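Just below is one structure, and these are the notes that go with it.
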Amino acid sequence: MLKTMHSVAVGSAAAVLLVTAFTLPGASAAGNDTARHGGMGHSAAPQSLGDLGRKAGVRIGTAVDTTALAEDAPYRARAAGEFSSVTAENVMKWGAVEPQRGTYDWAAADRLVGFAKKNGQLVRGHTLVWHNQLPAWLDEDDVTLAELRKILHRHITDQVTHFKGRIWQWDVVNEAFDDDGTLRDSIWLRKLGPGYIADAFRWAHEADPKARLFINDYNIEGVNAKSTALYELVGTLRKQHVPVHGVGIQGHLAVQYGAPHDIADNMLRFDRLGLGTAITEADVRIPLPADSTEYEAQAEGYGVLLRGCLLTPGCDDLTVWGFTDTYSWVPDTFPGEGAANIFDENYAPKPACSTLRQTLTLAAGRR
Ligand code: G3I
């Protein structure tokens, strides 16, 4: 599915070469990072991304794989120590929380929220209305429009109420658009019509008036048909006083398509509408095996996303979609590609990690 969606390239293969800062032939990704940290005898541990982010006025978060959190101690230590917000990668999705109709299973999601509280992290809730990872019992052919509307209302109300006061930002509606800027042909659009989006925000707001409510999508980093359609939609929703508070820009990039250098232009137009923004799912995949040039291009991709956020006053979070290549979703969806995260399988930081650290350090105290 995502293969075709992400094939709309933001740039070209040539752009990869243009953004390559320098390469150390044969050097490992981690080796580059050590060199940049001044690893020549300096042993002080770098500050966490979360701490650097605090000084720069932005949360740095990660999506969390809760199975890894339970089973992998080094993963747990990084998730706790490196980040200042967390997102449930899968366990707050509808199929996970209501596997049988009317029977909720909040256990895994509750554990993550507890983990975040213990570590002083905020939680992004992901996600309430999506076309994917729906419960198996939800069969479009079996429900009338009126029933489906009731089912969606109940789902949003129950889930937001369950987590009331514990979720900072909700991805209320996820991936509602196609790349050409038309609304996605999903169960929601087919059965309920485009009004499902406003309804979802109203219902979520009723259940937790303090949570910040986001619409979230991919391939909307730069100015393009999809981001413009989203811009027009949220402008209309704001005029109608629908409680939409922010736009989540996922940030799933690929080095072969270049980096979205117009991201600040795009983010600032949402800012001018009075909306918050966030980079919600950053990763930059690479055709395997990855070489040092590609790791530098990857670092540029992460850097562009972070700079877009820092240049946009209402952007208060950059979340990476997982932090180690060990648990990345990428190889399953894009066979032959991977190495998309800021730490490798051994938790060694890549150049991308240095770029985030350096950019945050330079931005300290500026917003
Ligand atoms: O939970 C089952 C498990 O019971 C079973 O044994 C196993 C066998 O394959 O599958 C498990 O489910 C997998 C699930 O992740 C949890 O690990 C699904 O097969 C797999 O498809 C699912 O992938 C997730 C994907 O969303 C689904 O579309 C990825 O982990 C997750 O990173 C990804 O996240 C999405 C965001 O929510 C929205 N934006 C795009 C992003 C990347 O695709």
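Because the structure is predicted, anything quoted here is derived from the model rather than measured. Order of listing sets the numbers, starting from 1, for every ligand and every atom in it.
The residues Lys350 and Asp344 are annotated as not salt-bridged, no charged nitrogen and carboxylate oxygen being separated by less than 4.0 angstrom.
Of the candidates His126, Glu89, Met92, Lys93, the one placing a heavy atom closest to atom 26 (O) of ligand 1 is Lys93. Here the shortest heavy-atom distance to atom 34 (O) of ligand 1, taken over Trp130, Tyr327, Trp321, belongs to Trp321. With Glu175, His252, Gln133 as candidates, the residue nearest to atom 38 (C) of ligand 1 on a non-hydrogen basis is Glu175.
Taking the six-membered ring for Trp, Trp203 and His155 have ring centres at least 6.0 Å apart. Residues His205 and Trp170 place their aromatic rings such that the two centres sit no closer than 6.0 Å.
Within the structure, the disulfide (SG to SG under 2.5 Å) test picks out the following pairs touching residues 223-322 (sequence neighbours left out): Cys309-Cys315.
Using a 4.0 Å cut-off to heavy atoms of Gln250, the atoms of ligand 1 that qualify are 39 (N), 40 (C). Below 4.0 Å from some heavy atom of Asn174 lie the following atoms of ligand 1, by number and element: 38 (C).
Connectivity analysis of hydrophobic side chains (ILVMFWY, heavy atoms under 4.5 Å, direct or indirect) links Leu122 to Trp168.
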